[in-house]
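These notes concern the structure reproduced below.
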Amino acid sequence: MFIKTTTAAASLGCILSAAAETILPSVPEFDPARAAFSYSGDMDFEDGPGSLDVSRFEIRAILSKPIKALDGLSVIPVFEYKATSLDFSGASAGFPIGDEDLHSVNLSAFAISARDGSPWVYGGWGRAELATDFQDVGGNDFTFDVAAGAGYRFNDKFLLGFGVALVNLNGDEAFYPGIAFDWVVSDCLRIGLYGPTFVAAYTPDENWELSFRGDSGGGLWNIEDTGGSSHSIDLTTYRLGLFASRRLTGKLWLTAGVGATVGNEIRLTQPDGDWFSKDDMDSGLFGELGLRVTAW
């Protein structure tokens, strides 16, 4: 459930920053379009033999410019797809999870309210997601999440926000708070906490961006085991790394990053959230390469 929590909380941060700026390209981690491949490895089990490697390809796109629904209210639709491969090696014969190819597809929408002359901004977010191995798609493969938040802009450089998220509405639902801030330190340096996603970005010139980032890299998927029963794989991992982005042309950027994964854990659970297998893992390494478009 950790990945659901962090995703919702991070979305709250994006809501608040986007609402305050009203220009999405200025918000770290919320480019209008991006595609990336990442690999995480060397995550050894702490209490037994075996290790886990994770490969992931993901694409995300804002489907349109902000849609003006009402005076001061804008709606932003977003599409995201992730293909994740879990590769286990050296695990004991009784280990309950095998190699898996997993997929998630989701549609979400941000509603942002910001009025001229007011330092307050408000946002809401809703998402429907299909996360599955595509063996036998049923109701347990779908989840629905909602979040709401508010933020206060103290000045042109600093915004502080807070919010709440209700995740997995049709299953093991849970309620979580979240905080966010967005601080433009100077023309070259910007620091922000967007839920669990932390970004410190330095732009020495118009063609380069260097950053230190921390973000969640796990997932929650429903699978069908060899006996035909429905279970969920809940992977928790947090990534800390250094990234470099280089403008290729116009609004298209190439991004590469390397770092470590910490807080690694994998669970096999029932759809209601009860777990019957849990394994903690040592810290590992990750690398990522991607393309991003900074504005439509």
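When a residue number appears, it is its place in the shown sequence, counting from 1. Being a predicted model, the structure only gives us computed values, none of them experimental.
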- Query: Does Glu209 pair with Arg246 as a salt bridge, N-O distance under 4.0 Å?
  - Reply: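 Salt bridge flag = no for Arg246 with Glu209.
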- Pairing of Arg267 and Asp279 as salt bridge, 4.0 angstrom limit: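 So Arg267 does not pair with Asp279 through a salt bridge.
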- Query: Any link between Phe162 and Leu160 through a network of hydrophobic side chains (Ile, Leu, Val, Met, Phe, Trp, Tyr) touching at under 4.5 Å?
  - Reply: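 Yes: a chain of side-chain contacts under 4.5 Å links Phe162 to Leu160.
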- Item | Common cluster, Val185/Leu193, ILVMFWY with side-chain heavy-atom separation under 4.5 Å | yes
Once rounded to the nearest 0.5 Å, what's the spacing between atom [atom1] of [X] and atom [atom2] of [Y]?
X: Ile223; Y: Leu86; atom1: CD1; atom2: CG; value: 9.0 Å
X: Ile62; Y: Arg34; atom1: CD1; atom2: CZ; value: 12.0 Å
X: Ile59; Y: Leu291; atom1: CD1; atom2: CG; value: 12.5 Å
X: Asp182; Y: Ile191; atom1: CG; atom2: CD1; value: 10.5 Å
X: Leu240; Y: Ser283; atom1: CG; atom2: OG; value: 9.0 Å
X: Phe142; Y: Leu169; atom1: CZ; atom2: CG; value: 15.0 Å

In terms of side-chain heavy atoms, does [X] have a donor or acceptor partner in [Y] at a distance below 3.5 Å?
X: Asp215; Y: Tyr238; value: no
X: Ser55; Y: Ser85; value: no
X: Arg56; Y: Thr84; value: yes
X: Lys251; Y: Thr294; value: no

- Any pair counted as side chain to side chain donor-acceptor pair (under 3.5 Å), so long as it reaches residues 41-51, sequence neighbours left out: Ser51-Ser89
- Please confirm whether the backbone N or O of Arg213 pairs with a side-chain atom of Ser211, one donor and one acceptor, at under 3.5 Å? no
- State whether the side chain of Ser186 and the backbone N or O of Cys188 hold a donor-acceptor pair below 3.5 Å, judged by distance alone. yes
- Note on the structure: For Phe45, the ring-ring contact (aromatic ring centres under 6.0 Å, His included) test, sequence neighbours excluded, returns Phe95
- Aromatic rings Phe154 and Tyr152: how do their planes relate, parallel, tilted or perpendicular, breaks at 30° and 60°? perpendicular
- Query: How are the rings of His103 and Tyr81 set to each other: parallel, tilted or perpendicular (split at 30° and 60°)?
  - Reply: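 Ring orientation, 0 to 90° scale: parallel.
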Please give me the minimum heavy-atom distance between [X] and [Y], naming the atom from each residue.
X: Glu206; Y: Arg247; value: O-NH2, 2.6 Å
X: Asn140; Y: Asn222; value: O-CB, 3.5 Å
X: Gly284; Y: Met43; value: CA-CG, 4.0 Å
X: Gly290; Y: Leu254; value: O-CD1, 3.4 Å
X: Met281; Y: Ile266; value: CE-N, 4.0 Å
X: Ser40; Y: Phe286; value: OG-CB, 3.4 Å

- Candidates Val137, Leu107, Asn106 - the one meeting side chain to side chain contact (heavy atoms under 4.5 Å, CB included) with Leu130: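 That would be Val137; it is the only one of Val137, Leu107, Asn106 passing the side chain to side chain contact (heavy atoms under 4.5 Å, CB included) with Leu130.
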Side-chain contact test, heavy atoms from C-beta onward, threshold under 4.5 Å: evaluate it for [X] versus [Y] and give yes or no.
X: Phe243; Y: Glu288; value: yes
X: Trp208; Y: Thr203; value: no
X: Asp145; Y: Leu166; value: no
X: Val105; Y: Thr132; value: no
X: Leu289; Y: Ser38; value: no
X: Phe110; Y: Val78; value: yes
X: Phe88; Y: Ile97; value: yes
X: Ile233; Y: Leu268; value: yes

- Query: side chain to side chain contact (heavy atoms under 4.5 Å, CB included) between Tyr202 and Phe212: does it pass, once the steps are laid out?
  - Reply: CA-CA 9 Å; Tyr202 175 68; Phe212 172 79; over 6 Å; no
- Would you list the pairs meeting ring-ring contact (aromatic ring centres under 6.0 Å, His included) in which at least one residue belongs to residues 51-79, sequence neighbours left out?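 Residue pairs passing ring-ring contact (aromatic ring centres under 6.0 Å, His included), neighbours aside: none found.
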- Option passing side chain to side chain donor-acceptor pair (under 3.5 Å) with Asn264 (candidates Thr237, Thr236, Asp282):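 With Asn264 as partner, Thr237, Thr236, Asp282 yield a single side chain to side chain donor-acceptor pair (under 3.5 Å), made by Thr237.
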